[in-house]
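Every chain is numbered from 1 and lettered A, B, ... according to where its sequence line falls, protein lines coming before strand lines. Note that this is a predicted model, so its numbers are computed, not measured.
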Amino acid sequence: MRSLRWGLAASGWVALAATALQAGHPLRVACMTVFLVLCPGLAAVSGLRLTALSTGGWAALRPDPYALLKTVVLTVVLSLALSMLVAEALFLGGAFTTERAVLVLAAVTSVLALLPRKAGRG
Amino acid sequence: MGRRSELTGGTPPPAVQTQASARTPQASLPHSRRDTARRWAVRAMLPTALALWLVSLRDVDLRRMRDLGLLQVLPVSFWIALALLTLSFCMALYDRRTKNVWLAAHVLGLIAVLHATPTLLYATLRYAWAWKHVAVVDAVLRHDGVPETTGRFAVYDAWPGFFELNALFLRATGMDSVLGYAAWAPPVSNALLVLPLLLLYRSVVRDRRLVWGAVWIYFSCAWIGQDYFAPQTFAFLLFVTVIALVLRQLPSSVFPPSARPRWGAWRRGPLLAVLIMEIAIACSHPLTPLMLISALLALSIPRRNRRVTLPVLAGAVAATAAWDATVARPYLEIHLNSLMESLLNPSSNVASGGLAALGTAAPGQVLLAWIDRGLTAGVVLLAVMALWRRPSTRRTGMPLLLIAPLAVLVANNYGGEMIFRVYLFALPAAAFLISALLFERDTRRLRAPLVVYPLLLCMLGGLAFGYYGKESVNSFTREEVAAARYVTDHAPRGARILTLTTDVAGIDMSYDRHSRVSLAYQHIRDRKHLVGDPLATVEAFVAEATAKRPAYIVLTRAQHALTYLTGVLPADTQSRVEKVLSESPEFTVVYHNRDAVVFRYAPPEAGGR
C-alpha cells in the first residue's frame with residue numbers, strides 16, 4: 001500500500017518531467033495518458049477512502065469484485081473529471097499553460113495520495 | 001418480501017446457491033456432459049464470431065451505400081458473426097458457471113462489432129458533428145480557450161469543459177490534433193460505459209445474469225448514437241457513475257449502509273467524489289445537469305431515499321446554478337426567450353425535430369424511421385411489462401429513473417433532439433427492467449433461451465437500422481475532406497462559406513474566422529425560393545461578399561446524400577445548384593474532385609454588390 005501511495009505521489013512529477021520530451025514522443029504520450037486517465041482518480045479513491053483500496057491495498061480488492069469494479073470506475077471517471085476541472089479553471093483564468101496544468105494536477109495527486117489515514121476508518 | 005429477496009433484498013450468496021441448486025436435478029449435476037459441451041461451444045463461438053466479423057470487413061464497397069447506409073453493403077458474414085456472438089452470449093448467460101471474464105468478453109465483442117466497424121471501414125472521421133467538435137478543440141488550442149462566437153458555436157463557449165480537457169491532453173502529449181483518436185471515440189466510450197453500467201446494476205441486484213443481461217440489452221438498444229466525440233458522451237459517463245453511486249447508498253441497495261455517515265447517509269469522501277463529478281457535469285454539458293437533477297428528484301420521491309439523495313441533489317443544483325449564473329449566463333440570457341417559449345409550450349418539445357421537408361424522403365428512410373420507432377416502443381413496452389410481471393423491480397429505483405427524463409422533455413426541445421435524449425437517459429433503467437423480465441430466475445429454464453435469443457436478435461436488428469441506416473451521410477471520403485480543407489486554408493478572414501446542409505467534414509475548422517450558411521436550415525421561405533430559383537437564392541446569400549471577403553459555395557457527396565435521404569430539399573437540388581453556378585460567369589470553380597466542387601464568388605469591384 002505504501003508503494004502505491006508513493007508511486008501515485010510521484011506520478012505527476014514524472015509526467016511533468018515528460019513534458020520536456022519532444023512533442024508527440026511516444027514516451028511522453030504514454031506518460032501523459034497514464035497520468036491524466038488514471039493517477040488523479042486513483043489518488044482520490046485512495047485518499048478519500050472510497051473503496052477498500054485505501055486500507056488494504058490491491059489485496060483487499062481481490063476477493064470482492066464489486067470493490068474492484070468500483071475502484072476502476074472511480075479511478076477513470078475521477079481522473080477525467082479532475083483533469084477537466086483543472087484545465088477549465090486555468091483556461092477561464094487566462095492562466096493555462098501545459099506545465100501549469102500538469103503541475104496543479106501533480107500537486108493534487110500528491111496531496112490525495114499522501115493524505116494521512118486513521119486506522120479503522122475505511 | 002419473498003420476491004424482493006430475489007432481486008434486491010441483500011440475499012447472501014448462499015441463498016443464490018440454494019435457488020440455483022433447486023432447479024432440475026439434471027441441471028445441478030456439476031459437470032454433466034451437456035454443460036461441458038455447451039461451455040466449449042461458447043469458448044469456440046466467441047473467437048469464431050469475432051474472426052468472422054473481421055474477415056467480413058474486407059472489400060466492403062462503401063460507395064454502394066444509398067437508402068439504408070451500411071445495412072446494404074455489409075456482407076452476410078457480418079450478420080452471421082453478430083448472430084453467432086448473440087447466441088454465444090445467450091448460452092454463456094444461461095450457464096451459471098460462466099465466469100465474469102467471458103461475459104465481459106462477449107459485451108466487449110458486441111461493442112467492437114457494432115461500434116468499431118465504421119471506424120475500421122471509413123477513411124476519415126465519421127459524423128459531421130464529430131468534425132464540428134474537432135474544430136472547437138482546434139479553436140481552443142489557437143485561442144487558449146473557446147473563442148467567443150455567436151450562432152451555433154456559442155453554446156460551446158458556455159460549456160467548454162470537454163473541449164478544454166482534450167486541449168489539455170493534446171498540449172500535454174504534444175499531439176497535433178484530436179483526429180488521431182476521435183475516430184475511436186465510439187468503441188472506446190462504449191467500452192468505458194460498461195464499467196459504470198455494471199456498477200449501476202450491481203448496486204441493485206446480485207444475480208450476475210440480470211446484471212450482464214442488462215448491459216447487453218443496453219448496448220443492443222442504444223440506437224441513437226450519442227457515443228461519438230462529443231460533450232454528451234463524456235457527461236453521460238459521469239451521469240451514469242453518479243447515479244450508480246447514489247443507488248449503492250439507497251436502502252434498496254443490495255449492500256449494507258456505509259459505516260459512520262456524516263452528511264445524510266454519506267461519508268465525507270464519497271460525497272466529495274460525487275460533488276466533483278457533478279461540477280464536471282455542470283460545466284461540460286447544458287442538458288446533462290438537468291437530467292441529473294431530474295433523476296435525483298425522482299429518486300427523492302420515496303421518503304426513505306431522501307437521506308441519500310438530498311445531499312447529492314443539493315450539490316447538483318448548486319453546481320448547475322453557479323455555472324449557469326456565471327460562465328453560461330451570457331448564452332442563457334440571449335436564449336432566454338426561446339427557453340421560456342419551450343417551457344410554456346411543452347407539446348412542441350415532444351416532436352423529434354426535423355425541418356419541414358420540401359422533397360420526398362427516400363423509401364428506405366421511411367422504413368428506417370418506423371423500425372426506430374418500433375424499437376423504442378418495444379423497449380418502453382418491455383420495461384413496463386417488467387414492472388407488472390416483476391414486482392421486485394419496483395423497489396430498485398429503476399422505475400423512477402425510467403420516468404425521470406420525461407420531466408426535462410417539457411422544459412426544452414433541445415434543437416428538436418429532446419425526445420432522443422430522453423430515450424438515452426431512460427435506457428439504462430429500461431435495460432435493467434427488461435433484463436429482469438427476461439432473465440429473472442423463475443423463468444422456465446428450457447423455454448427461456450428460445451424466447452430470449454430471437455428477442456435479442458430483434459433488438460440488434462432494430463439498432464442496426466437506427467445506427468447504420470444513415471451512414472451514407474455520416475461517412476466522408478478523403479475527397480470531401482480535401483475540398484473542405486482547401487476552403488478553410490484559402491478562404492480569407494471574414495469570408496462566407498455556403499453549403500446546402502451541415503454535412504461537410506472539416507468545413508468548420510477556423511469557424512471563428514469565417515461565417516457559415518447552410519441553405520437547408522434557413523427559413524422555409526428561403527428554401528422554397530432556393531428550389532424555385534437556385535441562382536437568385538445563392539446570389540442573395542453571397543450578396544455581401546467583396547473582393548477581399550469572397551464567398552465560397554461547397555457542394556459535396558454527403559450533402560446530396562442528406563437531401564436524398566431526408567427530403568429536406570428535393571433530391572436534385574444540389575445538381576441544379578451546381579449546374580446554374582457552373583453556367584454563371586460570376587462563380588468560378590476553384591476546386592473540384594469526384595466527390596466535391598467548390599465555387600468562389602468575388603464581385604469584380606471593391607465594395608461588394
Side-chain angles (χ1 to χ4, degrees), chain A residues 15-16 18-19 21-26 28-33 35-37 40-41 44-51 54 65-67 69-78 80-99 101-102 105 115 120-122, chain B residues 100 140 143-146 159-176 180-181 192 194-200 202-203 206 208 234 237-238 240-242 244-245 248 254-255 259-260 267-281 283-284 326-327:
Chain A
L16 189 62
T19 58
L21 292 170
Q22 196 181 0
H25 191 286
R28 176 171 168 176
V29 174
C31 277
M32 281 302 173
T33 306
F35 175 66
L36 293 176
V37 176
V45 169
S46 167
L48 299 177
R49 298 193 296 276
L50 301 181
T51 70
S54 54
Y66 178 85
L69 173 70
K70 190 176 172 187
T71 302
V72 174
V73 173
L74 292 178
T75 294
V76 175
V77 170
L78 283 173
L80 295 175
L82 285 168
S83 298
M84 195 204 81
L85 292 175
V86 168
E88 186 140 39
L90 291 172
F91 273 119
L92 283 175
F96 181 88
T97 64
T98 309
E99 292 74 18
V102 179
L105 279 168
L115 274 177
R121 288 183 59 185
Chain B
N100 281 325
V140 171
H143 293 268
D144 273 341
V146 180
W159 286 275
F162 171 76
F163 306 103
E164 291 172 346
L165 172 65
N166 279 279
L168 166 63
F169 184 74
L170 288 183
R171 284 270 179 86
T173 56
M175 289 163 67
D176 290 334
Y181 59 86
L192 272 180
V194 173
L195 298 169
L197 281 176
L198 284 173
L199 200 65
L200 178 73
R202 186 63 187 79
S203 297
R206 288 183 189 279
R208 290 188 314 136
F234 175 64
L237 180 76
L238 296 174
V240 178
T241 307
V242 170
L245 293 177
R248 157 73 178 80
V254 293
F255 294 97
R260 305 183 67 151
R267 286 190 297 110
R268 205 166 10 192
L271 188 59
L272 183 58
V274 168
L275 194 58
I276 289 170
M277 288 183 251
E278 287 180 335
I279 296 170
I281 290 172
C283 57
S284 61
T326 52
V327 181

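- Heavy atoms closer than 4.5 Å to chain B are found in the side chain of A:Leu105, but not in its backbone.
- Scanning all heavy atoms of the two residues, the minimum distance from A:Leu85 to B:Cys283 falls at CD2-SG, 3.8 Å.
- The environment of CG in B:Asn100 is crowded: more than 12 heavy-atom neighbours from other residues, nucleotides or ligands sit within 6.0 Å.
- When all heavy atoms are compared, the tightest approach of A:Ala23 to B:Gly174 is CB-O, 3.5 Å.
- The heavy-atom pair separating B:Leu165 from A:Ser83 by the smallest distance is CD1-CB, 3.7 Å.
- Only the side chain of B:Leu245 comes within contact range of chain A, with heavy atoms under 4.5 Å apart.
- In this structure, CZ on A:Arg49 lies 11.5 Å from CG on B:Leu272, to the nearest 0.5 angstrom.
- Within the 4.5 Å cutoff, side-chain heavy atoms of A:Leu74 are placed close to those of B:Met277.
- When all heavy atoms are compared, the tightest approach of A:Phe91 to B:Ala167 is CZ-CB, 4.0 Å.
- Of the inter-residue distances, the one linking B:Leu199 atom CG with A:Thr71 atom OG1 reads 9.5 Å to the nearest 0.5 angstrom.
- Listed options A:Thr19, A:Thr33, A:Val72, A:Leu82 were ranked by heavy-atom pairs under 4.5 angstrom with chain B; first place goes to A:Thr33.
- Between the OG1 atom in B:Thr241 and the CG atom in A:Leu78 there is a gap of 8.5 Å [rounded to 0.5 Å].
- Using a 4.5 Å cut-off between heavy atoms, A:Val77 contacts chain B through both its backbone and its side chain.
- Interatomic distance, B:Leu168 CG to A:Phe96 CZ, rounded to the nearest 0.5 Å: 5.0 Å.
- Note that OG1 of B:Thr173 and CZ of A:Phe35 are 14.0 Å apart. Values are rounded to the nearest 0.5 Å.
- Looking at B:Val327, only its side chain comes within 4.5 Å of chain A, counting heavy atoms on both sides.
- Interface remark: A:Leu90 contributes no atoms to any contact with chain B (heavy atom separation under 4.5 Å).
- Smallest separation of non-hydrogen atoms from B:Arg202 and A:Tyr66: CG-CD1, 3.3 Å.
- Side chain of A:Arg28 to backbone of B:Ala172: a donor-acceptor contact under 3.5 angstrom is found.
- With a threshold of 4.5 angstrom between heavy atoms, B:Leu170 does not approach chain A through any atom at all.
- Separation of atoms CD1 (B:Ile279) and CD (A:Glu88) is listed at 10.5 Å; rounding is to 0.5 Å.
- Taking A:Ala87, A:Ala81, A:Gly24 one by one and counting their heavy-atom pairs under 4.5 Å with chain B, the maximum is reached by A:Gly24.
- The part of B:Phe234 that comes within reach of chain A is its side chain, from C-beta onward, which places non-hydrogen atoms under 4.5 angstrom from that chain.
- Put simply, of B:Ala244, B:Pro270, B:Gly180, the one with the most heavy-atom pairs under 4.5 Å next to chain A is B:Pro270.
- Proximity to chain B (any heavy atom under 4.5 Å) is shown, for A:Thr97, by neither the backbone nor the side chain.
- No other option in A:Leu69, A:Val76, A:Val102, A:Leu50 has as many heavy-atom pairs under 4.5 Å with chain B as A:Leu69.
- Summarising the geometry of A:Leu48 relative to B:Ala273, their closest heavy-atom pair is CD1-N, 4.4 Å, with the distance given to 0.1 Å.
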